[in-house]
Amino acid sequence: MRTLGRLHLITDTRSGRDTLAVVAAALRAGFDVVQVRPEDHVTDREAYDLTVRILAMCRELDRICLVNDRLHIALAAGADGGHVGADDLPVAAARRILGPHAILGATARNPETARQAVADGASYLGVGPAFATTTKAGLPDAIGPAGVGAVAAAVPVPIVAIGGVTAQNARQLYSAGAHAVAVVGAVSGAADPYTAAKEFLA
Ligand SMILES: Cc1ncc(COP(=O)(O)OP(=O)(O)O)c(N)n1
Ligand SMILES: Cc1nc(C(=O)O)sc1CCOP(=O)(O)O
Ligand SMILES: [Mg+2]
């Protein structure tokens with residue numbers, strides 16, 4: 001299994017932005033992982049086409065490409081793995097589908113669910129919301145760096161902190177024990193996504 005990088009871009013297919021241009025900017029700036037996260041209304045065909053194009057961009061720069069929720073698309077496109085949460089396939093089922101070598105992320109918001117997800121086959125955990133976010137509705141309250149750190153201390157796999165992450169607050173999450181941060185709005189919603197992505201590298 002490949003080493004998981006420390007900066008993950010999650011695509012934003014909502015904003016009317018050019019998703020591919022944002023991905024290109026983030027990769028050029030040095031982001032290590034792209035998670036393709038099509039909105040629920042996006043058809044499988046559209047999601048597949050988007051994944052194939054983003055995967056090609058990742059392959060060119062030897063970066064990792066994951067697919068959120070839709071594991072059949074991850075498999076069909078030949079992506080490096082996928083990510084599942086509470087409303088998706090159970091982690092053990094996702095592992096069976098992706099096979100033993102794929103990267104499999106699972107959302108975990110506390111140490112107990114984190115331990116279970118790892119026992120079921122997760123190779124990394126998405127932990128959040130670290131800070132308040134408007135990108136996704138219906139999330140629980142932010143758990144802060146301390147909540148992220150509590151999960152990191154409970155499991156031996158990399159923790160990817162998500163939710164309200166900016167270039168300014170990312171350091172707090174790494175210090176708390178996160179291996180990586182995952183970002184939507186701070187890059188996709190920026191006037192200049194390349195400059196915004198570069199700020200994370202600093
Ligand atoms: C790295 C990372 N962490 C958490 C999530 C959220 O996954 P999930 O809870 O399944 O919610 P959706 O993203 O599917 O709306 C994630 N995608 N990535
Ligand atoms: C998709 C998602 N999942 C979260 C979770 O906590 O599970 S937070 C989130 C959205 C993150 O977007 P932004 O970087 O713009 O805050
Ligand atoms: Mg999901």
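Numbering of ligands and ligand atoms starts at 1, following listing order. Heads up: numbering here begins at 1 and tracks the sequence.
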(request) Can you sort out which atoms of ligand 2 are near Gly185, meaning under 4.0 Å from one of its heavy atoms? (result) 13 (P), 14 (O), 15 (O)
(message) My understanding is that we take every heavy atom of each candidate and find the minimum distance to atom 4 (C) of ligand 2. Doing that for Leu139, Val165, Val187, which one comes out nearest?
(response) Leu139
(message) Under 4.0 Å between a side-chain nitrogen and a carboxylate oxygen: does that hold for Asp44 and Arg70?
(response) yes
(message) Judged on heavy-atom distance to atom 15 (O) of ligand 1, which of Arg70, Lys136, His83 sits nearest?
(response) Lys136
(request) Flag Asp87 as yes if one of its N/O/S atoms falls below 2.8 Å of the Mg ion (ligand 3), otherwise no. (result) no
(request) Identify the protein heavy atom lying closest to atom 6 (C) of ligand 1, giving its residue, its atom name and the separation to 0.1 Å. (result) Thr107 OG1, 3.3 Å
(request) Looking only at N, O or S atoms, find the one in Asp88 nearest to the Mg ion (ligand 3) and name it. (result) OD2
(request) For the Mg ion (ligand 3), find the closest N/O/S atom belonging to Asp69 and write down its atom name. (result) OD1
(request) Check whether any N or O atom of Arg37, backbone or side chain, sits under 3.5 Å from an N or O atom of ligand 2, and answer yes or no. (result) no
(message) Can you classify the ring geometry of His8 versus Tyr124 as parallel (below 30°), tilted (30 to 60°) or perpendicular (above 60°)?
(response) perpendicular
(request) Name the closest protein heavy atom to atom 2 (C) of ligand 2, giving the residue it belongs to and the distance to 0.1 Å. (result) Ile162 CD1, 3.6 Å
(message) Is the contact between Thr135 and ligand 2 made by the side chain, the backbone, both, or neither, using heavy atoms and a 4.0 Å cut-off?
(response) side chain
(message) Just to be sure I read this right, does ligand 1 sit under 4.0 Å from the backbone of Asp87, its side chain, both, or neither, counting only heavy atoms?
(response) neither
(message) Test of understanding: given a 4.0 Å heavy-atom threshold, classify the contact between Arg37 and ligand 1 as side chain, backbone, both, or neither.
(response) side chain
